[in-house]
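As structure tokens, the structure follows; a few thoughts come after it.
Residue numbers start from 1 in every chain, and the chains themselves are labelled A, B, ... in the order their sequence lines are given, proteins ahead of strands. Side chains included, hydrogens not; waters and symmetry mates left out as well; all remaining heavy atoms used.
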Amino acid sequence: MTQTPAPWAGIIDDGDDNLDTREGWMWGGKNAIIFLIDATEPMFEKHIDDSSYFMTCIEACKEMMLQAVFHQDKDLFGIVAYGTKHVNQGAQANHITTVQDLSCLNADIIKELLNILGDVDKFENKHGHSNNFSLADALWHCSSMVSKCTTKLYEKKIFLMTCNDNPHATDPKLQNDTRMRARNVMEMGLELKILPFGMTFTFDNFFKEVYQIMQDENDPSILGHNFKIVREVKDIVACVARAPSKRSVSRVLWSLGNDIKLGVAAYSFVRSAPPFPKKQKVTRLNNAVVTSQVSIFRTDTGEAISAAETSKAIKVGGQTVTFEAEELRRVKRLTSSGLVLLGFKPIRTIQLWYHKKKPVFIYPEERKVKGSRTLFAALHERCLAREMCAICYFTPRTSAKPSLVALIPLAEKLDSKTNTQFVPPGFILKFLPYVDNIRDLKEQEVNCSRPDPKMVSVAEEVIDKMRFKFSPSNIDNPKLQKHWSGLEALALGYAEPKEFVDFTVPEYEAIDARINDLAETFSSMAFPDGYNEAVVKKAVKRTAPAKTPAPKKVKPDLNNMSMENIANQGLVEKLTVDKLKSYLIDEDVKVGKMKKAELVEAVYHHLGIQQP
Amino acid sequence: MARTAHEAIIIVLDVGPNVGQLLPNGETFLSNAQLCATQILQRKILAGSKDEIGLILLGSEQTNNPLADGEGSYNNIEIAHTLQLADWQMVKTISNYEKCTTSNGDWLDALIVAADYMRSAIEGKRFKEKKIVLLSNCCADVSDDEVDSVIQGLQTEEIQIISIGPQVYTTQSQGPSSQDNKSEVQAEGEKLITRIIEQVDNSVICSFEDAIAQLMYFEQKKTRPTPWKVVMDIGSTIRIPLVGYKKVAPVKPHNMRDIITSYNKSARESAAVKSKQEPTSDGISSLQSLDISRIHPDQIETQDDEFMDSDDDEVKIEKDRIYRTVGDDAAPIPDADVIEGYMFGTTIVPVTEDDIPGLTYYSGEKCLSVLGFTKKQNVPMYLHTGDGCHQFFPEKEENCIRAFSALVQAMDSKDMVAIVRKVYRKDSTPTMCALFPMISPVFQCFVCIELPFSEDVKTLLFPPLVGEKNKPSKEQLDAVDNLITSMDLMATEYEEDAETGLFDPHKTLDPYEQHFHSIIAKKALNKDMYFSGVEVDEAVRLLLSSSEEVLESAKPCLDEIKKLFTLTEIVPKEGARKAAADIFQQNKLDDSTPTPTPSSLCHPDSSNVTAHIGTVHPQEDFKNLVDAGIPLEKACDLMAQVIRDLVFKAFDADDFNKPFKCLISLRKACLEKSPVIFNDWISKFKNELPPEKVGFWELIASGKAGLITSSETIISNISDEAAKQFLQVDDVKDETFPNQPVDEDLDDLVCIWDKNNLKCM
């Protein structure tokens, strides 16, 4: 498997006839990441800020592990140190120490790193240093860790962290071994990346050759790409960051009519749910995992029944309509999966507020229909030029409802500074509401068409003072942050959870300082008598049209009526839940966790009186 | 105000001899009228409408109205249903009249009865409108001397008349009407009704075609907008009280609950099984079964009593959650001893009540706080998230309106949107939203759309669409251009659509909701109907395709595109992925029909009616049958059928326990007497088992309940080795088998299941 550095690796295809219709994640497994850390003396040298390269490495490992835990990636991590004093370790080569074998993350692994960070000297004393290591052996050790792993692996990466730009400088044989081993490792499907430390680190001394020897002939772009010296933890994290996953949410055929179909895939711009940690119920006593099972039983006899014996029921117009599970499944299969073209419309007819749910991104899928790309590109180009969008019905998969959608062309946009893409080219699939989804607000609308020009200009100034460049990546979900920081503290035994900044709360002081006078002016223009919530409320009440008094009803005295009487008059609903329950319990009817409606029904049922 | 939003409607349906005449479309007036009345009622029922409806039959064999004096006046007019919420019984009453009666009734009398009844029935209630829907061809001989007082009465009572059906022509086209095979009486009657319609306010007359077109589709339940009042703040000084309403919202899920499948439904089951077999050679039986599902409604309709009592045999069920530890010593744990834990990598971190505050974000009071303003282009459409959107208006108070209008105007003219933190109620999850100014000639508002957080945004990077190899040629681009022009939805003949074009969200019905409602209506009228997936209403199909004109005009352009572009559909490679799906799907069944063809074992023998195994106590039933000396083969057949039923209808793997127990007892019985029966059956069963039921096979495998081996009984010739082999499903445990991309689920659809679907927690 060759690794292409292009961010759209795997999507591009060059007319290869041997296209696999599956996507990587379907057959791939987990990712394995090994940090291969130089543990020779220079790495432990203390700098002015009392940190060492080695500490930065461990800190970065910890940080990346925490991120993986946070993203709930199932990746396997391993840490290997080379240049330690250990010899005679059996099968393991000399001067190589496995700090952490390749395994899924858990709290203990991260705690171990925290221990190392807490007392680096202890680590240094325990493992010592030696310059008699062989980098080739270290690489071989990493690759054997991967091959010994029983879990199915998809991507395998080794990150070599060192400040030595010319290892084995005096031993050409060892240097040659290293280069050969690097080539081997690459051929085994592992990716090797070097994270260099120290301002004087020179690639040309040795590692350039290593990269060259690993390089794929078909892909010349790798050189000069990652030769950036790392200084801080965040540099390392940025280097290691994974390419965004390219999992499509739906891959369907787009039929234009007359049997013309092209393959398209839908991708979501926004995750469907924030990454909250997975829940697992445990016992209070010894934290043992518990599973839960739902049992269903008859309310009348208490007899357990299987879900296969149940149907779904819906009450309509006084009659119960039942559906078996299989029937419901069939009802849902109204349309087969796909995108069906209905016609084209100018984009301006698609109102901003036609927003039913988050849109998805549509891109051609050659792996479904070969030649899709060209037709897609033509449609994209013409729609973009004419400011038209395609109106379609979209059924993301079998047994999904058909949605009315607009495919709005999206032009590729590149960042002017870095020349990197930030808007991909394709169509936005916007879910349009049906008439069933649109609420009529005619009675609620407020006409306030003639604003005071003076106030408008004050408001404009306020807006100017408060303008910023919005980007969702700058605002974290405070609920999620709080949850994770609390959980991290519990898992790793911190005394206090890490602090986090709640970016969703306006910085009132800063805002007030900026718009101080303007705000006063605006407020006093709007509310000449001063703003006061009570006054507003009162005024709203006053201006509301006086309600005509409803015809008087004689309120029946439910307390002194027998249940039968109440039921006969259809007034059971008027009783409180407590009253209903106590009545039913007195009558030996099982109430369980019934809701009010069910209780009411039970009363009527019990008395044999038809419910109104 | 809301209280008076309902209508009182009295439907006057003519079932007398005159409506039996054939209309130009070859149907009787009566059948058209029935269709109209039925649609009116069904729409009301399914929309959960609070409108009250009464039904008066004209030309009925019964006379039942307060005005009848027993001496001939107001005869043959029956108040069949009093004014009440619409129900299925009314629909049934209407459909009872397959043929018209022989009793003549006076339609004008019926109108008087209806008006009189309306007056008395609505006493003490308030309605927005009062309507009489007259479904009669006004043919019967009437005495017109009363017409003026009738009109007078209707006027004072403010009752509108809606007359559907009469073929009335305006004066200039009087000609053709006399050419029609209309009797003079009818022409006279039509003239009379026209006069009434003209003189009673808000009354209309319309043809069947128009009426049916309007009534064909179901209405959505009306939802009253619920205000959300909040004070918007900008810094700590500027405060503007606003009221927000949902503008676009998902359709409320249908509230369904669980009940026990009633077991007097063998007919339905057999119909279901047969219709599933459709593609098999047994074409005749499948035809018959289809007939059953179609004809049945009419046949049962006459058995009125059975129809409405249906609710009583419904048994309520309840769900209970039981916690258990896992492992060999699995034991139930009381709810109080179960605490929440969270996964931190593979470590479970238990969280006690004391820890919870440390994990909980308290968002404080409800708010709509402005963080700042940003250019509209910084909030592109692909960042819009959340379900639906809100609109915010100012409180109806002059100061608020003044402040609001200035702000909206300022934002609009600067092309800016406000980024706000929104907390719906105290300590509920905070969301980030964008407020877009919206200015229309009649109102101003903020459109409020939710935005993602940093953790939610995904980076999508894709190569440019046009590369060297796939650059569309000039010809190709022109062909696509022509297609766009030919399928322009704005080029419509209808003036009303000119602004928004066809498929305007304001006018487009949700096809799924229509489909679902039509099935509910069918099922309500025919309890035994089993929906096999084929009967989709024509009305629903119509919704799903573009207009004929558009399709027609696109044809030549599509032909051109077909010529210019090469498209080759790629068929997934055989054996590309060997997973449970492939292993179990040996006989390539259509995925819509997971039920396999019945094997010989599963053939209930009709000769023995008493032998029956229910799904409630199958093991007992089975034992009883065997004890009673029923041939083992027959008992096994029945038991096998029950196992199959239970497995195939199981909602999820939790339900496999019962059929597994059955399988064990079946196996035990066979072990002693005839292992061949069991071994034959289980081999077939394995092949029939659809992939989604693989869990059941795992259960069999773990319970070693596969083939009966020679080491268990000497009568078997199966070796242990073969049995072991048999239990294995090669490498079913393929971790990467793509169930569903779970976190990516686009599907919001089936909230039909009750919300607290306890199982998946």
Side-chain angles (χ1 to χ4, degrees), chain A residues 7 21 105-107 244 249 258 269-271 277-278 280 282 284 287 290 294 299 306-308 310-313 317-318 321 327 330 342-343 353 355 358 370-371 374 377-378 396 401 424 433-434 436 445-446 448 451 455 459-460 463 466 468 470 473 477 479 482 486 491 504 511 519 526 539, chain B residues 45 87 220 235 237 248 256 259 261 316 323 341-347 358-359 361 372-374 378 382 385 389 393 397 401 403 405-406 409-410 421 443 447 452-453 456 459 461-462 465 470 472 480 487 489 510 512 523 531 533 546 558 567-568 572 649-651 655 658 744 746 749 758:
Chain A
T21 52
L105 292 176
N106 60 40
V249 288
N258 194 12
F269 287 103
V270 174
R271 267 168 175 273
K278 227 171 117 187
Q280 171 64 59
V282 294
R284 189 184 293 278
N287 297 337
V290 297
V294 175
T299 2
S306 119
T310 62
S311 295
K312 295 281 171 187
V321 173
E327 279 182 290
R330 285 163 191 239
L342 300 167
W353 58 266
H355 173 76
K358 56 191 108 183
K370 220 169 121 43
T374 316
K401 288 185 201 173
Y434 290 112
D436 318 46
E445 286 162 4
V446 176
C448 37
M455 275 185 80
E460 284 181 356
I463 292 168
M466 285 178 71
F468 73 118
F470 169 78
S473 55
N477 183 345
K479 195 176 169 171
K482 172 90 181 190
T504 67
I511 293 173
Chain B
I45 293 170
D87 65 26
Q220 202 54 46
T237 314
V248 172
M256 288 199 156
I259 57 158
T261 310
K316 298 267 173 350
Y323 294 105
Y342 292 97
M343 299 305 289
F344 187 84
T346 52
T347 309
L359 301 177
Y361 177 79
F373 297 88
T374 195
N378 290 334
Y382 55 82
T385 179
C389 67
F393 304 99
E397 186 263 348
I401 291 175
S405 63
Q409 184 58 56
R421 165 191 158 101
F443 67 93
V447 172
F453 286 111
D456 306 325
T459 321
L461 296 172
F462 288 92
L465 284 170
N470 72 328
V480 168
M487 291 185 85
L489 296 173
D510 186 337
Y512 178 79
K523 279 191 151 253
F531 180 74
S546 199
L558 285 168
L567 294 166
T568 332
K649 286 181 189 159
F651 277 83
D655 304 326
K658 192 165 191 173
E744 306 292 347
L746 264 179
L749 117 97
L758 296 153

Q | NZ-CE distance between A:Lys312 and B:Met256, expressed to the nearest 0.5 angstrom | A | 8.5 Å
Q. Once you round to the nearest 0.5 Å, how far does CG of A:Asn477 lie from CG of B:Asp456?
A. 6.5 Å
Q. Of all residues at least two apart in sequence or in a different chain, which pass the side-chain hydrogen bond (donor to acceptor under 3.5 Å, both in side chains) check with A:Asn287?
A. none
**Q.** Heavy-atom side-chain proximity of B:Phe393 to A:Glu445 below 4.5 angstrom
**A.** yes
Q.
Can a donor-acceptor pair be found, under 3.5 Å and without considering hydrogens, that links the side chain of A:Ser311 to the backbone of B:Ile259?
A. no
Q. What closest approach, in Å, do A:Met455 and B:Ala403 show between heavy atoms, and which atom pair accounts for it?
A. CE-CA, 3.7 Å
Q.
Looking only at heavy atoms and a cut-off of under 4.5 Å, which of A:Gly371, A:Gly486, A:Ala378 has the most pairs with chain B?
A. A:Ala378
Q.
Let's test your reading of the structure: which of B:Ile401, B:Leu558, B:Val480 forms the most heavy-atom pairs below 4.5 Å with chain A?
A. B:Leu558
Q. In terms of heavy-atom pairs under 4.5 Å with chain A, which of B:Gly341, B:Gly345, B:Ser546, B:Cys389 leads?
A. B:Gly341
(Q) When you compare the side chain of B:Leu461 with that of A:Pro424, does any pair of heavy atoms fall below 4.5 Å? (A) no
**Q.** Under 4.5 Å from a heavy atom of chain B, the part of A:Val321 involved
**A.** side chain
Q. Of the options B:Leu465, B:Asn470, B:Leu567, which is the one that meets A:Thr374 in a side chain to side chain contact (heavy atoms under 4.5 Å, CB included)?
A. B:Asn470
Q.
Let me confirm one number: the CZ-CG distance from A:Phe468 to B:Asn378, rounded to the nearest 0.5 Å.
A. 8.5 Å
Q: Verify, without hydrogens or angle tests, whether A:Glu327 (side chain) and B:Phe531 (backbone) share a donor-acceptor contact under 3.5 angstrom.
A: yes
**Q.** A:Asp436 side chain vs B:Asp510 backbone, donor-acceptor pair below 3.5 Å
**A.** yes
Q. Picking from A:Lys479, A:His355, A:Gln280, which has the most non-hydrogen pairs under 4.5 angstrom with chain B?
A. A:His355
Q.
I'd like to check the side-chain contact (heavy atoms from CB on, under 4.5 Å) partners of B:Thr346; sequence neighbours left out, ordered by chain and number.
A. A:Cys104, A:Asn106
Q. What pair of heavy atoms forms the shortest contact from B:Gly358 to A:Lys482, and how long is it?
A. O-CE, 3.5 Å
(Q) To the nearest 0.5 Å, what is the distance between NZ on A:Lys370 and OG1 on B:Thr568? (A) 6.5 Å
Q. Looking only at atom types and distance, does a side-chain atom of A:Thr504 sit under 3.5 Å from a main-chain N or O of B:Arg421, one as donor and one as acceptor?
A. no
Q.
Distance check, rounded to the nearest 0.5 Å: B:Thr237 atom OG1 versus A:Ile511 atom CD1?
A. 10.5 Å
